[in-house]
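For reference, the structure is listed below as structure tokens.
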Protein chains: 2
Amino acid sequence: MSTKTQTTPQTAHDTAPKSSTGGTVPAVNGMPTVTSDKKTTGDAATSTRAPRRRAALAAQTNWQSVHDEVLRRIHTRQWKPGDLIPKEVELAEQLGCARATVNRALRELATEGFLDRRRKAGTRVASHPVRRAKLDIPVIRLEIEGRGQKYAYGLLYSERRTPPPEICTNLAVTPDSDMLHITSLHLADGKPYMFEERWVSVAATPAIAEADLSKISANEWLVLHAPYTKGDISFSAVLASETEAKILRTHKDAPLFLMERTTWNGDHGITSARLLFAPGYRMHSAI
Amino acid sequence: MSTKTQTTPQTAHDTAPKSSTGGTVPAVNGMPTVTSDKKTTGDAATSTRAPRRRAALAAQTNWQSVHDEVLRRIHTRQWKPGDLIPKEVELAEQLGCARATVNRALRELATEGFLDRRRKAGTRVASHPVRRAKLDIPVIRLEIEGRGQKYAYGLLYSERRTPPPEICTNLAVTPDSDMLHITSLHLADGKPYMFEERWVSVAATPAIAEADLSKISANEWLVLHAPYTKGDISFSAVLASETEAKILRTHKDAPLFLMERTTWNGDHGITSARLLFAPGYRMHSAI
DNA sequence: AACGATAATATGTACGTACATAATAACTCT
DNA sequence: AGAGTTATTATGTACGTACATATTATCGTT
């Protein structure tokens, strides 16, 4: 598949061939980290657990520095995609810390997508680093206020009625179920920012019928009062319809960023929302 | 701010007032988990560390079940947004496990956005659960193949030249730097799927000048050969230009989903790409 | 050679202890 | 009362040991 030939699983050492009780540890973060008293001759059987002695002020190797050191080796291509890296005990020895510490670091790196780990098979550098962009999906109000803009919210429409077919499919509810249909507009510094159309299952969340949704947005109310166990979010690009354009104060057929969210609590569909952002909206993320 | 009045910081107990050495543990995941021998009278001073005895087949309370139990209490609103939850030692006692186990569970819940934790201040249920949608940004080829479609890739254009101003800004390179400008098309089942326009800094990645980018896409090549330490990704909606429409086999002014990516290695800008997806594209994520 | 049982092994995790750290609470002095 | 200092406390984490678990490697057996 890949062009790299790698028949025998071979560890990608290059540092420290075998020096079991090595005195100095390879530089971690540029800092030498001289753990002089590594492995204080196993007198572990004493009643008061002999604590690993360390210099008074010397920063000990913590999981974060192990994390950074491993990442550095990946970034400098000392360890390349697909390579098998040393096992936890070896790394612990090399870096002068406990296996648990290495484990913590490698575990984080694995969830970040840099490493692939499998029992017995070992740990290798991810060959297809699936970059996990962590999208923070905050409450719109906080997103706007966080930029120092003034947030405003207006309830446009609210009606209790039975849902249209596509909502039934989305939330797995019956066509005759008791639902709330809400449309509202969120503004930043007085300008239309996002237009929201939402369906909420009253059966799943009876309290919403009494909520005053002209003061607090349905989303914020739900966040505070209706927990959910799973959800789904999708993003796409659409053209503004005539009415959508009017509400967002733009022109028909403007390109709009659409976010669709559906949330569930167990097997009960809670809410399904269609969030249309005004032209020019960009969703960002670090990666 | 919030309508909830909560003056004195009060722990949200309701289970187990104080029964220090309680026999049964509150149901974890509905399973009773009767740890009969909790706290086996402190004979810890024995040389061979007295291991916590546990029933042969009974599943012990692991961090995952603690995680799920805490999440259940949040979802059932036993612990509401803003509430202070019991401290680690108390939870460990309640659930019959070590503090480290509780710590692991709560730590995960905090990174998932359900909890806010602060030293000394304690742990409380997040009042604005910033939902972190984890977007997996895979290599396009894998995304397409993962859906069982046939992937194809075509290099449209490749030239080595100096960058336009906006790229200089994006990547912080000088206007006279040596760069590669590439446009290519990715197809799924023979149909245009994504149109890519990319600038790569040859100075930062000299090896790319020799790469055969008609066989492997620039993105995949970079993933394998040019590590990066940080990156930025943004999403928006745009209208198709005349040429973009022609390439993606759609019509002018079609709404297109645009992904813009920039990556860095330390202080060196590596690449900046503009990925235009064919109409109808939806990016999904669980939440 | 194919197959199945068994051993070996790297990661996964639980636990108790010890100590670090940050933030609050309590206290002292003026 | 206000300011500065000290004690307290909940989380954060390092460590060693023990054991669980998932794979892979090995070794017989047919």
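Values below: every heavy atom of this structure, side chains too, minus hydrogens, waters and symmetry copies. Because the structure is a prediction, the values reported are computed rather than measured. Labels below follow one simple rule: chain letters A, B, ... track the order of the sequence lines, proteins then strands, and each chain is numbered from 1.
- Every ring-ring contact (aromatic ring centres under 6.0 Å, His included) that B:W221 has, sequence neighbours left out, goes to B:H225.
- When the side-chain nitrogen and oxygen atoms of B:R117 are compared with OP1 and OP2 of D:dG12, one or more of them lie within a distance under 4.0 Å.
- Applying the ring-ring contact (aromatic ring centres under 6.0 Å, His included) test to A:Y228 and every residue at least two apart in sequence or in another chain returns nothing.
- Scored by the side-chain contact (heavy atoms from CB on, under 4.5 Å) test, B:R119 finds no partners at all (sequence neighbours excluded).
- The nucleotide whose nearest atom lies closest to any side-chain atom of A:A100 is, among C:dG12, C:dA18, D:dG16, D:dG16.
- Contact between the side-chain N/O atoms of B:T101 and the OP1/OP2 oxygens of C:dC15 is found at a separation under 4.0 Å.
- The side-chain contact (heavy atoms from CB on, under 4.5 Å) test applied to A:A126 returns A:D116, not counting sequence neighbours.
- Partners of B:H67 according to the side chain to side chain donor-acceptor pair (under 3.5 Å) rule, which considers only residues two or more places apart in sequence or in another chain, are B:E112.
- Phosphate proximity of C:dT11 to A:T123: present, with a side-chain N or O under 4.0 Å from OP1 or OP2.
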Write out a two-atom table: protein N or O, nucleotide N or O from nucleotides 5-7 of chain C, distance below 3.5 Å.
none

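- Put simply, CG on B:N219 and CZ on B:R261 are 5.5 Å apart, with the number rounded to the nearest 0.5 Å.
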Whenever both distances are under 3.5 Å in a Watson-Crick or G-U wobble pair, mark it; put DNA chain C into dot-bracket that way, with [ ] for crossing pairs and | when the partner is on another strand. ||||||||||||||||||||||||||||||
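- Looking at the side chain of B:R118, the nearest of the listed nucleotides C:dT13, C:dA22, C:dT24 is C:dT24.
- Within the structure, salt bridge (charged side-chain N to carboxylate O under 4.0 Å, His left out) pairs that include any residue of residues 218-231 of chain B comprise B:R141-B:E220 (at least two apart or interchain).
- Distance from the side chain of B:C97 is smallest for C:dC15 among the nucleotides C:dA23, D:dT13, C:dC15.
- Under the side chain to side chain donor-acceptor pair (under 3.5 Å) criterion, B:K120 pairs with no residue, sequence neighbours left out.
- OP1 or OP2 of C:dG12 lies within a sub-4.0 Å distance of a side-chain N or O belonging to A:N103.
- Partners of B:R282 by side chain to side chain donor-acceptor pair (under 3.5 Å), not counting sequence neighbours, listed by chain and number: A:S234, A:E260.
- Within residues 104-116 of chain B, the residues having any heavy atom closer than 4.0 Å to DNA chain C are, in order of number, B:R104.
- Remark: A:T271 pairs with A:R198 by the side chain to side chain donor-acceptor pair (under 3.5 Å) rule, at least two apart or across chains.
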